[in-house]
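Below is one structure, written out as structure tokens; comments come after it.
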Amino acid sequence: MSDEDDGGSLYVLTAVLMTPAQFPGVLGDDFPEACSLLGVPAAPEGYGLVLGQDEEGARWTVVVDDVSLVAAAIASWDCGMEYDLSPDERTIVVSLAGWPLDLTVSTTGVPEPHDPEQGADGTGRVPLSPPSAEAWGPVQRRMGADQIAREWGDWRERIATDGGAAAAAHPGLARALKEALEYTRKPPPPGRIRSSFAGEGARTLRVDGPGWSLVARTGDAAFLLLDEEPSEVLTVPHGATADLPELLELLAALDHVAVRPA
């Protein structure tokens, strides 16, 4: 991938989608928040993030508006196929110094990955960097929920075996579920509720709110992570209460209003 403005090149390492239905949890609780962090408008069609190194080894994140091209590249890579991801210069929205995600790969034949000097991208901002693994906060909470969604089978089996951490008496449970229920009545910002295919007619739900993240599978179970409970995964009880519907009803209602991948 070449940069016609300065004659340099970007060696692409990976790419991710950033759309209302699918975006890296490290960037925000919803799609507009993720876009704001990168300094781009919340375009309904979304973006692709292309991560790579220049000829000096510096880390760069290139935001492009050709979502279909990035999606095709990711699909090919996931199938073990080669794909030369070279977005047209006209599709580049902005090039940002640094990477927002932690990558363990690098480009052969160029210096080790490093951040360019602050301001090298013309924004004057500190280069993007992945979140610390030593702290616990909103970013780590969302990342934890994303991990559970990816490893659902393992987490479901673990809960079936040991019961998990009971959430029924936790004050954060009622707060989170009430806010999630309110989402079904008044739509939240795009990306707060996301639904993806999970097989056998089920959907995986990712729902975020101020201080909480919910990961669930329709017709099955749900887990809750809270900012005030570092690294704790709470199992959401199924029973209804005076203020809340039964869990499976709530999940079905959330899935009904969720955004889905195109």
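Along the sequence shown, the residues carry numbers beginning at 1.
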For the pair V67 and M18, evaluate side chain to side chain contact (heavy atoms under 4.5 Å, CB included) and give the outcome as yes or no after the intermediate values. CA-CA 8 Å; V67 179; M18 193 174 81; over 6 Å; no
Whether [X] side chain and [Y] backbone form a donor-acceptor pair below 3.5 Å:
| X | Y | value |
| --- | --- | --- |
| E229 | L234 | no |
| Q22 | T19 | no |
| W99 | G52 | yes |

Test side chain to side chain contact (heavy atoms under 4.5 Å, CB included) on L214 and L205; report intermediate values, then the result. CA-CA 8 Å; L214 183 77; L205 293 175; over 6 Å; no
Check against ring-ring contact (aromatic ring centres under 6.0 Å, His included), W152 and F223: CA-CA 10 Å; W152 180 264; F223 304 112; 5.2 Å; yes
Carboxylate-amine/guanidinium contact [X] [Y], below 4.0 Å:
| X | Y | answer |
| --- | --- | --- |
| D29 | R142 | yes |
| R175 | E228 | yes |
| D208 | R194 | yes |

Return the OG1 to CD distance between T107 and Q53, rounded to the nearest 0.5 Å. 4.0 Å
Pairwise side chain to side chain donor-acceptor pair (under 3.5 Å) hits with a residue in residues 30-46, at least two apart: D30-R192
Are [X] and [Y] in one and the same hydrophobic cluster, where Ile, Leu, Val, Met, Phe, Trp and Tyr link if side-chain heavy atoms are under 4.5 Å apart?
| X | Y | result |
| --- | --- | --- |
| W136 | M143 | no |
| V105 | V26 | yes |
| V126 | L96 | no |

Just list the side-chain donor-acceptor pairs under 3.5 Å for residues 255-262, sequence neighbours left out, or say none.
{"residue": "D255", "atom": "OD1", "partner": "S195", "partner atom": "OG", "Å": "2.6"}
{"residue": "D255", "atom": "OD1", "partner": "R260", "partner atom": "NH2", "Å": "3.2"}
{"residue": "D255", "atom": "OD2", "partner": "R260", "partner atom": "NH2", "Å": "2.8"}

Using distance alone, with no hydrogens and no angle criterion, decide if W212 and E179 have a side-chain donor and acceptor under 3.5 Å apart. yes
Do T218 and R203 have side-chain atoms, one donor and one acceptor, less than 3.5 Å apart? no
Is D54 close to Y11 at the side-chain level, that is, under 4.5 Å between some pair of heavy atoms? no
L51 vs V62, test: side chain to side chain contact (heavy atoms under 4.5 Å, CB included). Steps then yes/no. CA-CA 6 Å; L51 282 63; V62 180; over 6 Å; no
